[in-house]
Amino acid sequence: MITVRAPATSANLGSGFDVFGAALDRPADVIRVEKADRTTIDVTGYGSEFIPEDPANNTVGAVAEALDAPAHIRIDKGIRPSSGLGSSGASAAAAALALNELYDRGLTRTELVPIAGKGEATVSGEVHLDNVAPALLGGFTVATGRDVTTVDADIPLVACLPEIAISTRDARDVVPAGATMEQLVYTIGRAATLTTGMCRDDPRLVGKGMHDRLVTPARADLISGYDEVREAALAAGATGVTVSGAGPGVLAACYPEDRRDIAAAMVEGFGAVGVDARAYQTRIGGGATLSRD
Ligand SMILES: Nc1ncnc2c1ncn2[C@@H]1O[C@H](COP(=O)(O)OP(=O)(O)O)[C@@H](O)[C@H]1O
Ligand SMILES: N[C@@H](CCOP(=O)(O)O)C(=O)O
């Protein structure tokens, strides 16, 4: 049996819509695969009651099909679905790595990224690699088309998850259809600042580079309490705050000594508007890990 642990991820990081992603060192999904004549799926764990076991509707089903690798697949969810923490992408990435090994397909992790992307597309409606790339490769990733660049960055983060569900598909509907030249110039500046910060392990530059005036404001409107939580996190020392992926998760970058206070402030901020939330004190971490029993 092959076991793979694939990490949660935070896509976009504000200024890098559909391009930037980061692997988080927690939480994670764990997947176990065994050869079978046809693909079957069992799901347990966090939010498993909302996840279809039919291979046609689960992200791992499309991956098994793309690799021609039928298997009995057990998914233990550590990442809540519809969270903005790449839950569906983590399962797809884990399945790609596990089935590649189970059937000796010999593909590299980079070659598995578009295959995992096919799985993710079954639920989000479009292929975007900003969750599956960091889940497979780890670190901070820049995915442009089929090319993925990685930076092995070390940045402390807080990911705060309110008890609100927003599907990526719905959150893509509010993305503005176009942008002005002024908005583009602003976004390019922030994205470049963030990338420089990742290369230098500099939380200040990463936080500054997260600011985005294009996609994030539209999505923030879907998250009750977003403005309060953002202000609370900044007051507690966060260097930048943005929507994690398509939301409702909210991501803060910070220095290590402020992480605990920021986590508490964000949970309190959601609490002030009557929304329960939990915060993960985390950091940019490695990609999926594989073991064979
Ligand atoms: N293996 C899976 N893990 C998580 N969600 C899945 C999986 N397979 C299908 N889904 C569906 O995908 C949707 C969640 O994906 P998405 O909206 O992209 O959010 P996120 O990936 O941020 O959690 C839910 O409707 C869920 O039922
Ligand atoms: N770039 C995508 C990322 C979605 O991430 P998820 O973690 O919410 O699935 C988007 O912003 O739509």
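One-based numbering, in listed order, for ligands and for the atoms of each. Count residues from 1 along the sequence.
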Item to check | Heteroatom distance test (S82, ligand 1): nitrogen or oxygen, under 3.5 angstrom | outcome: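 Looking only at distances, the answer is yes, because the N/O contact criterion of under 3.5 Å is met.
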Quiz question: by atom type and distance under 3.5 Å, do the side chains of [X] and [Y] form a donor-acceptor pair?
X    : Y    : result
E120 : T59  : no
T9   : N131 : yes
K77  : S91  : yes

Should you measure from each heavy atom of [X], which atoms of ligand 1 turn up under 4.0 Å away?
X    : answer
P81  : 5 (N), 23 (O)
G84  : 22 (O)
N58  : 1 (N), 2 (C), 7 (C), 8 (N), 9 (C)
G86  : 21 (O), 22 (O)
P52  : 27 (O)
F50  : 26 (C), 27 (O)
E120 : 18 (O)
S167 : 17 (O)

Considering [options] one by one, which has a heavy atom nearer to [atom] than any of the others?
atom                    : options            : result
atom 16 (P) of ligand 1 : T168, T59, N57, T9 : T168
atom 7 (O) of ligand 2  : G86, S167, G89     : G86
atom 6 (P) of ligand 2  : D18, N131, V19     : N131

Should you measure from each heavy atom of [X], which atoms of ligand 2 turn up under 4.0 Å away?
X    : result
L85  : 7 (O)
G245 : 5 (O), 8 (O)
A246 : 4 (C), 5 (O), 6 (P), 8 (O)
F17  : 10 (C), 11 (O)
H128 : 1 (N), 2 (C), 3 (C), 4 (C)

Does ligand 1 have an atom that lies less than 4.0 angstrom from a heavy atom of [X]?
X    : answer
G245 : no
D29  : no
V60  : no

Item to check | Candidates V33, V4, D68 - the one meeting side chain to side chain contact (heavy atoms under 4.5 Å, CB included) with L99 | outcome: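 Testing each of V33, V4, D68 against L99, the sole residue satisfying side chain to side chain contact (heavy atoms under 4.5 Å, CB included) is V33.
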Item to check | Part of A11 with heavy atoms under 4.0 Å of ligand 2, whether side chain, backbone, both or neither | outcome: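 Contact part for A11 vs ligand 2: side chain (C-beta onward).
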Checklist entry - Does the side chain of L251 reach to within under 4.5 Å of the side chain of L13, using non-hydrogen atoms? => result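 They are in contact (side-chain heavy atoms under 4.5 Å apart), so the answer is yes.
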Next on the checklist: Could you identify the single nearest non-hydrogen protein atom to atom 7 (C) of ligand 1 and state the distance to 0.1 Å?
Outcome noted: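 Looking at atom 7 (C) of ligand 1, the protein heavy atom closest to it is I51 CG2, 3.7 Å.
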Next on the checklist: Counting non-hydrogen protein atoms only, what is the nearest one to atom 12 (O) of ligand 2? Give residue, atom name and distance.
Outcome noted: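 For atom 12 (O) of ligand 2, the nearest protein heavy atom is R172 NH1, 2.7 Å.
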Item to check | Contact partition for S91 relative to ligand 1, non-hydrogen atoms under 4.0 Å | outcome: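 Looking at S91 and ligand 1, just side chain atoms fall under 4.0 Å.
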Next on the checklist: Using a 4.0 Å heavy-atom cut-off, which part of V123 comes near ligand 1: side chain, backbone, both, or neither?
Outcome noted: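 V123 to ligand 1: side-chain contact only, backbone stays beyond 4.0 Å.
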Next on the checklist: Does atom CG (D37) have a neighbourhood of more than 12 heavy atoms from anything else shown, all under 6.0 Å?
Outcome noted: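 It does not: D37 CG has 12 such atoms or fewer within range.
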Next on the checklist: Using only atom types and a distance under 3.5 Å, with no angle test, would you say the side chain of S244 pairs donor to acceptor with the backbone of G247?
Outcome noted: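 Here the side-chain-to-backbone pair does not exist.
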Checklist entry - When you measure from the side chain of D29 to the backbone N and O of I79, does any donor-acceptor pair fall under 3.5 Å? => result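 A pair under 3.5 Å: yes.
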Item to check | For F20 against D130, the heavy-atom pair lying closest together | outcome: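 Scanning both residues, the minimum pair turns out to be O-CB, 3.3 Å.
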